[in-house]
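Below, chain A is the first sequence line, B the second, and so on; all start at residue 1. Fair warning: this is a prediction, and the values are worked out from it, not measured in the lab.
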Amino acid sequence: MRARFPYSANPIAFGDEIKPEPSQMLSFSRCAAKSAGSFDRFSVMQYWSKTYIPTLKESPAEAEIESHKLLLRAGLVRKIGGGLYAFLPLGKRVLEKVSQICREEMNAAGAIELLMPAVLPAEQWKAGPRWNVVREVMYSVGSASKSARPTEEPQYVLGPTHEEIITPMIGSEISSYRDMGKTFYQIQTKFRNEIRPRYGLMRAREFIMKDGYSFDEDDEKAEATYHRIAGAYDKFFARCGLTFISVEADPGIMGGAFSHEYMVPAEVGDDDVVYCEESGYSANVEKATSGIVPGDLVDAEPVGDLEKFETPGVKTIEKLAKDPFNIPANEQFKTLLFVGDEKLFAVVVRGCDQVEEAKLSSLGYQVIRPATVDEIFEAMGAYPGSLGAIKGTIKDRPKLDGIFGDEAIRLIGNGVTGANEKAMHVKNVNVSRDLDLDRFGDFRKVQEGEPCPKSGKPLKVARAIEVGHIFKLGTKFSDSDQWGAKFHDAEKQTRPAVMGCYGIGISRTIQAVIEQSRDESGIKWPWNVAPYHVIITVLDSDLEEAASLAEKIGSAAEAAGADVLVDDRSERPGVKFKDADLIGIPLRITIGGRGLKEGIVEMKLRDQKDVRKIAIDEAADIVASEIRELASS
RNA sequence: CGGGGCGUAGCUUAGCCUGGUAGAGCGCCUGGUUUGGGACCAGGAGGUCGAAGGUUCGAAUCCUUUCGCCCCGACCA
């Protein structure tokens, strides 16, 4: 006769008694009893035929990178629109697991969970310090009230993050130093109108984020909090099975004293990280420095008078480096113009260097963009390709808010730059004598192979996915009379709270795990975030013996702390094996008629090739002990 | 926002240049044969060819507009 699984889609034969499923009842009560304070179980045994795991043999054309393809093929997510995804049951389970690990580590670090709305009053953002910067990534929401006119400024926005919300809220709650030293966090959907959503969950318009905010009395305590949260992050990403590094980062529009990013090395990452294995130095390329400019560098003496020469048709560093001029790029000055908060300014770097735009924020401008060709001509009297920062040659020097030289141009000493005249360049340009610089700074992008600022050994560069970012904010948000977060200290003084903020891209972390943990056949979930730990593949699903054995082993696996999926479909073996590999369940138990005759079932790790045959009598025990081992390793 | 590409069945796509009743594989449904790594046979359902307008006797195909999606770039002078 046909076997019937507790949850299988097989029809219940006429006359079958319908009663509560004993396994479910048992599991439920056991789960409830066990779950207090510990997270090692997720739910009761699930049957493939009863849940929904729509695997795909081919990947949809929209997916470009492997992790994105696998998200779709393994039936974890489906696309709803550009940068918008639905989590299907299997994906939701991973999401919950990652979220739960995050909760546990945040809680262990003393943080406390709350939940703020996703729809936020625009007023509150306008009052904050970065409305102009952030508004372009924010989605506006119209008011429901009839008087609202859609043409006006947005009344509500969808939260891209919550500093502007939590700071005044906590500020109005907290007034004593006795209430300081709190870290709040939430796990919530965030909305950012990304210029270009990309790669599935990697850069989406709507995504799940854990964001945390700390309020401390002083710098010292704030830094202690920062380090405590950093420790929680280390544990979190390690528990997710990720290989990651934390790097010094550019705080960007968040501002603040310093920040660290948590990076997962991957070819498809958005960021470049610079690191040195010798010294342990690591930084985002936006922030990284190198040791190419010696500390004791003495400014060069002039080698001769300025001398103009004709360079017809030469508009690039490369052309000037070739015949007939043969001026190496590292002896040329490159002059670039930007607009910062509507004011023009210039940056001079070596011809062989690139400006790292993120570093320009140290100049104090909030919004920076490259200048247009017209803006450049108005100020310089010349077009790109002929620009130079030599004193007296700039058409409208007052138009420039400043000219800033990268430190590395001091290595040139005397070099070549544009004459601010068409087809003319100037040589014997001495840095201190001739260039019209307001000051020096670090504006260049570090390149692979340059000496590490700590060890002097060659730096390495790797692509990486940013999965977390922590900031020591200082008082940027709290020190505001209208809506800051201030408190009375023990000396009755009013002081702003010293804040930190801490983000983890939960949904992005999921994709980073897939990107890092996969092979040709599919995903290889690390144990802690696997949607199910064990898949029991029942090959001959109409054998009563196979069905009951699956239930027995499954129950033992659950008792050992595993989440169990039973593949009870009446598919051919090949289909089931391929699907099990694709969805990446760490431990597979195979029960088939052939094995039953021999008196064995098979146990296989997703990660390994070999198959272990185990006697049916011992199967439940052996599977249980294997699970305990996997869970603890 | 600029550039490029693509929209044909749930998925992958052919057909478009050269206009003439819309095809295949996978998936799905029915029946049968199968059954340890994405089976086979037979039958079947499923498409207003992204949308709108135009040219034409006739448009998936040509023209215009528009929407959506994907990729590259967003600055190196």
Side-chain angles (χ1 to χ4, degrees), chain A residues 54-65 68-69 72-73 75 78-84 136 193-200 203 205 268 311 314-320 329 332-340 346-360 368-373 375-377 380 382-389 406 417-418 420 422 425 443-445 447 520-522 537-543 546 567 569-582 588 590-598 600-602 604 609 611 613:
Chain A
T55 57
L56 300 172
K57 214 186 271 188
E58 293 172 289
S59 28
E62 73 202 46
E64 184 80 0
I65 65 170
H68 187 189
K69 288 179 185 169
L72 294 162
R73 288 190 54 213
R78 284 292 184 267
K79 186 167 85 169
I80 301 300
L84 302 170
E136 63 189 56
N193 193 357
E194 290 288 346
I195 301 170
R196 181 149 87 89
R198 234 206 287 223
Y199 298 156
R203 201 196 288 179
R205 292 200 160 103
V268 297
T311 50
V314 173
K315 287 183 178 172
T316 61
I317 302 289
E318 292 74 38
K319 275 199 173 175
L320 206 51
Q332 299 183 41
F333 300 101
K334 183 155 74 181
T335 309
L336 308 170
L337 268 75
F338 296 88
V339 177
V347 176
V348 183
V349 297
R350 295 189 302 172
C352 58
D353 283 336
Q354 299 193 339
V355 167
E356 175 49 66
E357 209 175 313
K359 290 183 175 179
L360 300 180
I368 294 172
R369 64 167 171 85
T372 64
V373 172
E375 287 167 332
I376 292 170
F377 187 81
M380 304 297 289
Y383 288 107
S386 307
L387 303 180
D406 179 69
T417 192
N420 293 327
K422 192 177 180 186
H425 280 76
F443 308 118
R444 64 185 293 278
K445 182 178 275 181
Q447 287 169 24
E520 324 75 57
S521 305
T537 302
V538 184
L539 296 184
D540 301 279
S541 51
D542 47 357
L543 285 179
D567 188 353
R569 296 173 299 170
S570 52
E571 289 288 348
R572 295 170 58 83
V575 173
K576 297 180 144 194
F577 291 142
K578 290 284 184 190
D579 272 347
D581 288 348
L582 177 61
R588 190 182 79 201
T590 307
I591 300 174
R594 186 190 293 178
L596 291 178
K597 276 182 199 153
E598 290 178 53
I600 57 113
V601 299
E602 290 161 25
K604 180 186 175 300
K609 271 194 174 160
V611 176
K613 295 188 176 184

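Between the P atoms of B/rG38 and B/rG2, the separation comes to 49 Å (whole Å). B/rG47 and B/rG10 have their P atoms separated by 8 Å, given to the nearest Å. Only the P atoms considered, B/rU56 is 16 Å distant from B/rG19, to the nearest whole Å. Across the C1' atoms, B/rG23 and B/rC16 are found 14 Å apart, a figure rounded to whole Å. Taking atom C1' on both nucleotides, B/rA60 is separated from B/rU13 by 14 Å, rounded to a whole Å. Spacing of P atoms, B/rU30 relative to B/rG36, comes out at 23 Å, to the nearest Å. Comparing B/rC49 with B/rA22, their C1' atoms sit 8 Å apart, to the nearest whole Å. Rounded to a whole angstrom, the distance from the C1' atom of B/rU21 to that of B/rU61 is 14 Å.
When both distances must be under 3.5 Å, the Watson-Crick or G-U wobble mate of B/rA39 is B/rU33.
Within 4.0 Å (heavy atoms only), A/A63 reaches no atom of the nucleic acid at all. At a threshold of 4.0 angstrom between heavy atoms, the contacts of A/K334 include nucleobase atoms, whether or not backbone atoms are also involved. Using a 4.0 Å heavy-atom cutoff across all strands shown, A/G592 reaches at least one base atom of the nucleic acid. As judged by a 4.0 angstrom heavy-atom cut-off over every strand, A/R78 is placed among residues making no nucleic acid contact. Using a 4.0 Å heavy-atom cutoff across all strands shown, A/I317 reaches sugar-phosphate atoms only and no base atom.
At whole-Å resolution of the value, CZ in A/R569 and P in B/rG37 are 16 Å apart. Between the CG atom of A/D353 and the C1' atom of B/rC75 there is a distance of 15 Å, rounded to whole Å.
The structure places CD of A/E357 at 9.5 Å from NZ of A/K445, a figure rounded to the nearest 0.5 Å. Interatomic distance, CG of A/L539 versus CD1 of A/I591, reported as 9.0 Å (0.5 Å rounding).
A close approach under 4.0 Å does occur between a side-chain nitrogen or oxygen of A/K79 and OP1 or OP2 of B/rC70. Side-chain N/O atoms of A/R369 include none lying less than 4.0 angstrom from OP1 or OP2 on B/rA74. Considering only side-chain N and O atoms, A/K57 lies under 4.0 angstrom from the phosphate OP1 or OP2 of B/rG27. Applying the 4.0 Å criterion to OP1 and OP2 of B/rG36, one finds that A/R572 has every side-chain N and O outside that range.
Taking 3.5 Å as the limit, the base of B/rG68 and the side chain of A/E62 contain no donor-acceptor pair of atoms between them. A donor N or O paired with an acceptor N or O is not found under 3.5 Å between the base of B/rG3 and the side-chain atoms of A/R196.
Under 4.0 Å is where a charged nitrogen must lie from a carboxylate oxygen, and between A/E602 and A/R594 no such pair does.
If you check B/rC75, B/rU13, B/rC70 against the side chain of A/F338, the one that comes closest is B/rC75. Closest approach to the A/D581 side chain among B/rC26, B/rC72, B/rG37 is made by B/rG37 (side chain taken as heavy atoms from C-beta onward). The side chain of A/R198 has B/rG73 as its nearest neighbour among B/rG73, B/rG37, B/rG36.
The two residues A/K334 and A/D353 make their nearest non-hydrogen contact at NZ-O, 2.8 Å. The two residues A/E194 and A/R203 have their closest heavy-atom pair at OE1-CD, 3.3 Å. Between A/V373 and A/P384, the shortest heavy-atom distance links the atoms CG1-CD, 4.4 Å.
Remark: the A/T55 side chain and the A/D579 side chain contain an N/O donor-acceptor pair separated by less than 3.5 Å.
Of the two residues contacting RNA chain B, namely A/D579 and A/T316, the nearest-nucleotide position lying further toward the 5' end is that of A/D579. Between A/Q354 and A/G81, the residue anchored closer to the 5' end of RNA chain B is A/G81, taking for each the nucleotide with the nearest heavy atom.
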